[in-house]
Amino acid sequence: MEEMRMVRVRFAPSPTGHLHLGSARTALFNWLYARHTGGKFLLRIENTDRVRSDTKFLEEILENLKWLGIDWDDEPIYQSRRFDVYREKAEKILARGKAYREGEAIIFKVEKGRSIELNDIIHGKITVNTDNIKDQVMIKSDGSPTYNFSCVVDDSYQEITHVLRGDDHISNTPKQILFYEALELKLPQFGHMPLILGPDGAKLSKRHGVVSVEEYKKEGFLPEALANYLILLGWFPGEDREVLSLNEAVKLFDINDMSDVQAKFDIQKLKWMNGEYIMKKKTEELLPLIKDRLLVAGFDISSVADDYISKIVGLYKIRMKTLAEFVELADFFFKDDFTVDEEGKKKHLDNEEKKESMRIFADRLEGLEAFSQEGIEEICRDIVEERGIKAAAVIHPTRMAISGKTKGAGLFEIMEVLGKEKVINRMKGLKR
RNA sequence: GCCCCUGUCGUCUAGCCAGGUCUAGGACACCGCCCUUUCAAGGCGGCAGCACGGGUUCAAAUCCCGUCGGGGGCGCCA
């Protein structure tokens, strides 16, 4: 009895806040299902709450979806424009004697003692007794529809075949089934995916800190990495695969492979994943993103050559986990008053012999015509040999002096990119 | 309180439906070694888990029951 009707799924954000990671994941799975099956992925804007809804949020949500790589079919529908439809449907139920008025509201009468069964795609059979369901408001006193009612009217209107949403809607589903029956509508299939939990095991929410896509974007996460990580929470592509593009995921996606167990959000793994994407990205692709970062961080790069920035990106792309980290790691390339690691300074610079070695190093560098990595290293190695000291005794103090840090890219490559003048000035303690 | 969902390493998961091939596999994190001018990256190795108790069976992570634990929902919010 395989039905041949085309898959139609939807994502129904409420523009009352930022796009939450959990919602983004829900959108991702719906999209994946639609694209895998060749069906349609539709949008519905649930803006019935006139007070809290804001077009600013709507724009951001749509922008975030696109950013993540999600596209949608047809024009989104807006619930705020369909109030007359909800009222009409509610009146119909009222006329059949299955609802009553109280105040200005229209309330659905729930028949007691019934058992409602739903065959969830992800959880299997779920049974609820209507004794546990109160009468349900369909139209509120202010004339707006309730979530459960408008949801049913619109899922039916949009001919949704599969309602894939978060676990937290499981208890809504029997109520909605009652509305489907009252309106004599065809039921879609339901699939409730487990929620994302915070590190403490509670539903991921604002109290866990950063939970909106917008904030992750601002922290310098790549959309590919965020999307990749999110779809791994609750779905397994098979063959121990973890890093995969959305295109590959579309090919491999099978809703039957979805887990019915809640997953905790692990920022560590997300960072690792982000690092993977950053280091595999071409430097040219990273360049504009990094320039944005520098601008946001307050650097004036109007007179800085792209070529210079590109070289630095090349040195640091395997070292940063987020784009934001670039600024911390490479600040000294863009300003002379860079931050200095005090412990490192004490360890590597508060020593006369080391300073002396560094002074000699700086003097000899003055005579170096082509300021290349190789030439610099040769001079360094010569000094080390002449003075019978360890290379580290010159390298660490120099790194501290020119970058203020104890870690980072290879010293000689840093020096070449920074350039002769700055390197020598910093080594001699000038312009600090 | 009532209702519903759920329980494999610290975390994400494979295995469970069709019980033996599981001395339970992979990934993140962590630890160690190698490489090395530091930090990363890379290579190699290590630590660590079937919530518990009963069944069923020759055999259970896999099937059944119970206990305990975790989560969600019970709005004229969405």
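Sequence lines set the chain letters: A, B, ... in the order given, protein chains first and strands last, and positions in each chain run from 1.
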Residue pair Phe149(A), Tyr86(A): steps toward the ring pair (Phe, Tyr, Trp, His ring centres under 6.0 Å) verdict: CA-CA 8 Å; Phe149(A) 191 64; Tyr86(A) 308 128; 7.1 Å; no

Distance between C1' atoms of rA40(B) and rC34(B) (Å, rounded): 16 Å

Interatomic spacing from CG in Leu178(A) to CG in Asp135(A) - rounded to 0.5 Å: 10.0 Å

Length of the line joining Lys125(A):NZ and rC17(B):C1', which is rounded to integer Å: 15 Å

Phe412(A) vs His123(A), nearer the 5' end of RNA chain B by closest nucleotide: His123(A)

Parallel, tilted or perpendicular: ring planes of Tyr316(A) versus Phe332(A), cut at 30 and 60 degrees: perpendicular

Phe11(A)/Trp31(A) aromatic ring centres below 6.0 Å: no

Leu270(A) CG - rA29(B) P separation (whole Å): 12 Å

Base-pairing mate for rC16(B) - Watson-Crick or G-U, with both contacts under 3.5 Å: none

Rounded distance in Å - CG (Asp254(A)) to P (rC17(B)): 18 Å

Identified pairing partner of rG10(B), criterion: Watson-Crick or G-U wobble below 3.5 Å: rC28(B)

Interatomic distance, Lys112(A) NZ vs rC3(B) P [rounded to whole Å]: 14 Å

Integer angstrom distance from the C1' of rC77(B) to that of rG70(B): 26 Å

Whole-Å distance separating the CZ atom of Phe236(A) from the C1' atom of rU11(B): 16 Å

Sugar-phosphate, base or nothing in reach of Lys317(A), heavy atoms under 4.0 Å: nothing

Full working for salt bridge (charged side-chain N to carboxylate O under 4.0 Å, His left out) between Glu46(A) and Arg52(A): CA-CA 11 Å; Glu46(A) 306 209 326; Arg52(A) 295 197 300 142; over 6 Å; no

Footprint string (nucleotides 73-78 of chain B, 5' to 3'): B base within contact, S backbone only, - free, heavy atoms under 4.0 Å: SSSBSB

Integer-rounded Å distance: rG26(B) C1' and Leu232(A) CG: 12 Å

Nucleotide of rG72(B), rU37(B), rU13(B) approaching Ile395(A) most closely (side-chain heavy atoms): rU37(B)

From CD (Glu159(A)) to CG (Asp154(A)), nearest 0.5 Å: 12.5 Å

Pairwise C1' distance for rU11(B) and rA29(B), with rounding to whole Å: 8 Å

Rounded distance in Å between the P positions of rG10(B) and rC68(B): 23 Å

Heavy-atom pair with the smallest gap, counting every atom of Gly113(A) and Asp131(A): N-OD1, 2.7 Å

Whole-angstrom distance between rU56(B) and rG72(B), as gauged at atom C1': 33 Å

Within residues 247-262 of chain A or reaching into it, pairs that qualify as salt bridge (charged side-chain N to carboxylate O under 4.0 Å, His left out) - sequence neighbours excluded: Arg241(A)-Glu248(A)

rU57(B) to rC47(B) separation - C1' atoms, rounded to the nearest Å: 35 Å

Contact pattern, 5' to 3', of nucleotides 38-52 of chain B - B, S or - by protein heavy atom under 4.0 Å: BBBS-----------

Any Lys264(A) side-chain N or O less than 4.0 Å from OP1/OP2 of rU11(B): yes

G-U wobble or Watson-Crick pairing nucleotide for rC35(B) (cut-off 3.5 Å, both distances): none

Length of the CD1-C1' vector between Ile122(A) and rG71(B), whole Å: 16 Å

Residue closer to the 5' end of RNA chain B, Gly124(A) versus Trp235(A) (nearest nucleotide): Gly124(A)

Nearest-Å distance once atom C1' is located in both rU23(B) and rA61(B): 14 Å

Within 45° cone of Phe190(A) ring axis and under 6.0 Å: Arg165(A) NZ or CZ: no

Touch class at under 4.0 angstrom, heavy-atom based, for Gly238(A) against every strand present: nothing

Check: Asn274(A)/Tyr229(A) side-chain N/O donor and acceptor closer than 3.5 Å: no

Paired nucleotide for rC63(B) [Watson-Crick or G-U wobble; both distances under 3.5 Å]: rG55(B)

Touch class at under 4.0 angstrom, heavy-atom based, for Ser150(A) against every strand present: nothing

Nearest-angstrom distance from the residue atom CG of Asp260(A) to P of rC4(B): 17 Å

Whole-Å P distance, rC31(B) and rA78(B): 48 Å

Worked verdict on Arg207(A) versus Asp200(A) for salt bridge (charged side-chain N to carboxylate O under 4.0 Å, His left out): CA-CA 11 Å; Arg207(A) 66 195 181 82; Asp200(A) 62 349; 3.4 Å; yes

